[in-house]
Structures are given as structure tokens and as C-alpha cells.
A.B. asks: 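First the structure, then my questions, so here it is.
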Amino acid sequence: MQREKACRIYSILAAEYLDEDTNLNFLDFDNPFQILVMTILSAQTTDNMVNSVKDDLFSKYPDPAALSQAKQEDVETIIKKTGFFRAKAKNIIESSKILCSDFGGEVPRTMEELVTLPGVGRKTANIVLNHAFGIDEGIAVDTHVKRVSWRIGLTDNTDPVKIEMDLTALFPKDAWGKMNYLLISHGRAICTARKPDCERCVIKDFCRYFREQNS
DNA sequence: CTCCCGATAT
DNA sequence: ATATCAGGAG
């Protein structure tokens, strides 16, 4: 994929999904601690499901100090709807302990430090860096970004790290956060996993998958 | 690679 | 009934 073509795709998607008021968030957070915890909870569930437990979770555990001392069973009950609740409860409690012991109770601002937290991989770290601190370290590659960028032909890889390298090479740095948002928006609305609605797709003329379906 | 796990769409 | 959802750890 050439940069010029990628840039064209970006422009079309931006016109479709971005306006001046778009905040680029799917998770409803108030501070870095919240976006960190909520992104850990977002694995293999919907953003709406994570947003629905926000108030119950943070009214009881508003900061790392409080969550680090929580009973795992109590946290499990609150976050159960998000799935993987035992592993996630353990991870957000343990991560809170590390925030207190190693980072002065603050969310660290580097990739290397963030991925030391249990439940935090490269995707979650990229989300925290971009949304909490406005840092474009890379592009968060989740299931939507992976599927849509592969279908379009922005990448030929299936490994998330390689996909991220392809995408960051293709787009200017100040577009990385927006590209993540655009690919997810398009993946949810049109380029769905099961039955993509190619007829209503605004970038079908640039899409490898659409071309192959009609050949 | 498997496991973690509930809610929803198809 | 089964695939899928803002993934990560072992």
C-alpha cells in the first residue's frame, strides 16, 4: 500500500466519522487511572459494557491506593459483566499496587513502564498514552483495527506488532490516534467481522477485500 | 497454542 | 448454537 492511497483512505474515513466535536474516545473516563483500568477491562468485551461498570467501580475505588487494597471478590462482583472477571479483577488490583509502589500512585507515561503492569500489553499502553496524555507512541491495534486494516490492504500481516509497524509507516504521526478511531468506527458500523456491508462502504473503491469479493 | 468468561448479535 | 466483542498471560 502506497502512502498516497492510504492518505486518500484516511481523508474519506475522516469525512465520514470525524467532526469537530469528536473526542476520539469510546471509553468514558475522567483521568489517567480510569482509562488505564477501563482499557484493561475492555479486553474481549464492548466499550458500553465497560462504561456501564464505571460508576460502581470508581465510586468505591477512586484511585490506585483504594483499588490496591480492595478485596478481589468485591471487585469481581462489580466488573463481572465485562467477562474474564477473575483475571481482570486480579490485574487491576495488582496494577494499582504497582502504581503505588513503583510510580508514586501515578500512571506512568512511557510504553516500557506501562507494559510492566499486569493486564497491560502494547494495545492497552497505546490507548493510555494517546488518550490520557496525548502521546503518539504508536497505534493501538485491537480486533477492529486488525480486521479492517487487513481487509483494506493497509497491511499483509496478521501479527498486531507488525500491523502497527505497517500503519505507523503509512500515516503521519499526528494522524495515528485518529486512524485508530477511524478504523474502529468503520469496523463497528460497516466493516463488521461477520457480514461486512460493503455496498454502503465509503472506501470500497480502495479496498482489497471488496475487489476480491467482486472478481 | 490455550485459557480466561459474560453479553449480545446472527 | 455459535461467533464476536477497544487482549493479555502462560
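Only a predicted model underlies this, so the values are computations on that prediction, with no experimental measurement involved. Numbers restart at 1 for each chain; the letters A, B, ... are given by sequence-line order, proteins then strands.
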A.B. asks: From the set C:dC5, B:dA7, C:dG7, return the single nucleotide nearest to any side-chain atom of A:Lys123.
C.D. replies: C:dG7
A.B. asks: Please give, in whole Å, the distance from B:dT2 P to A:Phe84 CZ?
C.D. replies: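 Distance, rounded to whole Å: 14 Å.
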A.B. asks: Whole Å only: how far is the NE2 atom of A:His186 from the C1' atom of C:dC5?
C.D. replies: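 Interatomic distance, NE2 of A:His186 to C1' of C:dC5: 18 Å.
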A.B. asks: Looking at A:Ala140 and A:Lys123, what are the two nearest heavy atoms and their distance?
C.D. replies: CB-O, 3.6 Å
A.B. asks: What does A:Ile35 touch in the nucleic acid at a heavy-atom separation under 4.0 angstrom: a base, only the sugar-phosphate, or nothing?
C.D. replies: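 No contact.
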A.B. asks: Once you apply a heavy-atom cut-off of 4.0 Å, does A:Thr124 come out as touching a base, just sugar-phosphate, or nothing?
C.D. replies: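 Sugar-phosphate contact only - A:Thr124 comes under 4.0 Å of backbone atoms but never of a base.
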A.B. asks: Please tell me which of A:Gly119 and A:Ile127 maps to the more 5' nucleotide of DNA chain C, matching each residue to the nucleotide holding its nearest heavy atom.
C.D. replies: A:Ile127
A.B. asks: Which pairs count as side-chain hydrogen bond (donor to acceptor under 3.5 Å, both in side chains) when at least one residue sits in residues 178-190 of chain A, sequence neighbours excluded?
C.D. replies: A:Tyr17-A:His186, A:Asp47-A:Arg188
A.B. asks: Measure the distance from CZ on A:Arg188 to P on B:dT10 and round it to the nearest whole Å.
C.D. replies: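 So the two atoms are 14 Å apart, to the nearest Å.
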A.B. asks: In terms of side-chain geometry, is the basic nitrogen of A:Lys162 or A:Asp156 positioned less than 4.0 Å from the acidic oxygen of its partner?
C.D. replies: no
A.B. asks: 5'-most contact on DNA chain C: A:Ala193 or A:Val115, nearest heavy atom basis?
C.D. replies: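 Checking each residue's closest nucleotide, the 5'-ward one belongs to A:Ala193.
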A.B. asks: If I take atom CG in residue A:Leu36 and atom P in nucleotide C:dG7, what distance separates them, rounded to the nearest angstrom?
C.D. replies: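 That distance rounds to 15 Å.
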A.B. asks: Same cluster for A:Leu57 and A:Phe26 if Ile/Leu/Val/Met/Phe/Trp/Tyr side chains link at under 4.5 Å?
C.D. replies: no
A.B. asks: So which pairs with a foot in residues 49-106 of chain A pass ring-ring contact (aromatic ring centres under 6.0 Å, His included), sequence neighbours left out?
C.D. replies: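 Output for this query lists A:Phe33-A:Phe58.
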A.B. asks: Between A:Asn126 and A:Glu164, does any side-chain donor sit less than 3.5 Å from a side-chain acceptor?
C.D. replies: yes
A.B. asks: Please state how far atom CG in A:Asp142 lies from atom P in C:dT4, giving the value in whole angstrom units.
C.D. replies: 15 Å
A.B. asks: Taking side-chain hydrogen bond (donor to acceptor under 3.5 Å, both in side chains) as the cut-off, I'd like each qualifying pair that reaches into residues 84-99 of chain A, sequence neighbours left out, listed once.
C.D. replies: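 Every candidate side-chain hydrogen bond (donor to acceptor under 3.5 Å, both in side chains) pair involving residues 84-99 of chain A fails, so no pair, neighbours aside, qualifies.
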A.B. asks: Rounding to the closest angstrom, what is the interatomic distance between B:dC5 and C:dG10 at atom P?
C.D. replies: 14 Å
A.B. asks: I need the full list of side-chain hydrogen bond (donor to acceptor under 3.5 Å, both in side chains) pairs touching residues 66-77 of chain A, with sequence neighbours left out, sorted by first then second residue.
C.D. replies: A:Gln72-A:Glu76
A.B. asks: Counting only side-chain N and O atoms of A:Thr143, is one of them less than 4.0 Å from OP1 or OP2 of C:dC5?
C.D. replies: yes
A.B. asks: How many whole angstroms separate atom CZ of A:Arg147 from atom P of C:dG7?
C.D. replies: 10 Å
A.B. asks: Counting distance only, does the side-chain N/O of A:Asn157 pair as donor-acceptor with the main-chain N or O of A:Asp159 below 3.5 Å?
C.D. replies: no
A.B. asks: Pull out every residue in residues 37-53 of chain A that has a heavy atom closer than 4.0 Å to any atom of DNA chain C, ordered by number, or say none.
C.D. replies: A:Ser42, A:Ala43, A:Gln44, A:Thr45, A:Thr46, A:Asp47
A.B. asks: Taking the side chain of A:Arg194 as its heavy atoms from C-beta onward, which of C:dC5, B:dC5, C:dT2 lies nearest to it?
C.D. replies: C:dT2
A.B. asks: Under 3.5 Å for both distances, Watson-Crick or G-U wobble, that's the pair rule; now give the dot-bracket for DNA chain C, with | marking pairs to another strand and [ ] for crossing ones.
C.D. replies: |||||.||||
A.B. asks: What is the nucleic acid contact for A:Phe85, judged by heavy atoms within less than 4.0 Å: base, sugar-phosphate only, or nothing?
C.D. replies: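 A:Phe85: backbone/sugar contact only, no base atoms under 4.0 Å.
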A.B. asks: If we take the P atom in both B:dC4 and C:dA1, what is their distance in whole Å?
C.D. replies: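 Nearest-Å result for B:dC4 against C:dA1 at atom P: 22 Å.
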A.B. asks: Counting only side-chain N and O atoms of A:Arg86, is one of them less than 4.0 Å from OP1 or OP2 of B:dC5?
C.D. replies: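 Affirmative; the distance criterion is met.
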A.B. asks: With side chains defined as the heavy atoms from C-beta onward, is the minimum distance between A:Leu154 and A:Phe171 less than 4.5 Å?
C.D. replies: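 Yes, side chains in contact.
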A.B. asks: So what does A:Asn91 hit on the nucleic acid, given a heavy-atom distance under 4.0 Å: a base, only sugar-phosphate, or nothing?
C.D. replies: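 Since no nucleic acid heavy atom lies under 4.0 Å of A:Asn91, the category is nothing.
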A.B. asks: Can you check the A:Asp159 CG to B:dC1 P distance for me, whole Å?
C.D. replies: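 Rounded to whole Å, this separation is 12 Å.
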A.B. asks: For the side chain of A:Lys80, starting at C-beta, report the closest nucleotide among B:dG6, B:dC5, C:dG8.
C.D. replies: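 Within the option list, the nearest is B:dG6.
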A.B. asks: Are A:Val202 and A:Tyr209 joined in one hydrophobic group, where the rule is that I, L, V, M, F, W and Y side chains link up if heavy atoms are under 4.5 Å apart?
C.D. replies: no
A.B. asks: Please report, rounded to the nearest Å, how far the C1' atom of C:dG8 is from the NZ atom of A:Lys90.
C.D. replies: 13 Å
